[in-house]
Amino acid sequence: MPIYEYDCPSCGGFEVLQRMSDPPLVDHACGSRVKKLMSAGAFAIRGSDFHATGTNAPPACEAPKGEGCGSCPSNRAA
């Protein structure tokens, strides 16, 4: 279940664990009207084919050729 963020004018921001099919909250426990906020997703794509740069290029190795580990992409023949 995702965590949704809301803003309460009286209490400030708070988070609620809700199902995606649940309707958004309208009122807070204090009785004030709340507003649902947009927030960044909390997931990351991991794996050998995905890099933070958005390319499929292997990361550069800092060790001189031959001194890095055998599985280092920079030691593979092009």
Side-chain angles (χ1 to χ4, degrees):
M1 281 195 296
I3 297 174
Y4 292 100
E5 293 182 72
Y6 289 89
D7 182 47
C8 174
S10 301
C11 306
F14 63 96
E15 297 176 343
V16 177
L17 185 67
Q18 291 180 294
R19 289 187 173 99
M20 292 176 75
S21 60
D22 288 346
L25 296 180
V26 179
D27 297 318
H28 190 225
C30 69
S32 297
R33 301 289 262 179
V34 296
K35 179 180 168 185
K36 189 173 180 180
L37 302 175
M38 282 289 250
S39 58
F43 71 92
I45 299 173
R46 301 193 189 267
S48 61
D49 291 338
F50 298 97
H51 300 281
T53 60
T55 67
N56 282 343
C61 182
E62 300 296 322
K65 205 161 194 65
E67 291 182 19
C69 68
S71 64
C72 182
S74 67
N75 287 334
R76 293 186 191 138

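Taking a 6.0 Å sphere around NZ of Lys36, one finds it holds more than 12 heavy atoms contributed by other residues, nucleotides or ligands.
Contact of the Met20 side chain with the Pro2 side chain is registered, since non-hydrogen atoms from C-beta on lie closer than 4.5 Å. Between Val34 and Phe14, some side-chain heavy-atom pair lies under the 4.5 Å cut-off.
In this structure, NE2 on His28 lies 5.0 Å from SG on Cys11, to the nearest 0.5 angstrom.
Partners of Tyr6 under the side-chain hydrogen bond (donor to acceptor under 3.5 Å, both in side chains) rule, at least two apart in sequence or in another chain, are Gln18. Residues satisfying the side-chain contact (heavy atoms from CB on, under 4.5 Å) criterion with Met38, sequence neighbours excluded, are absent altogether.
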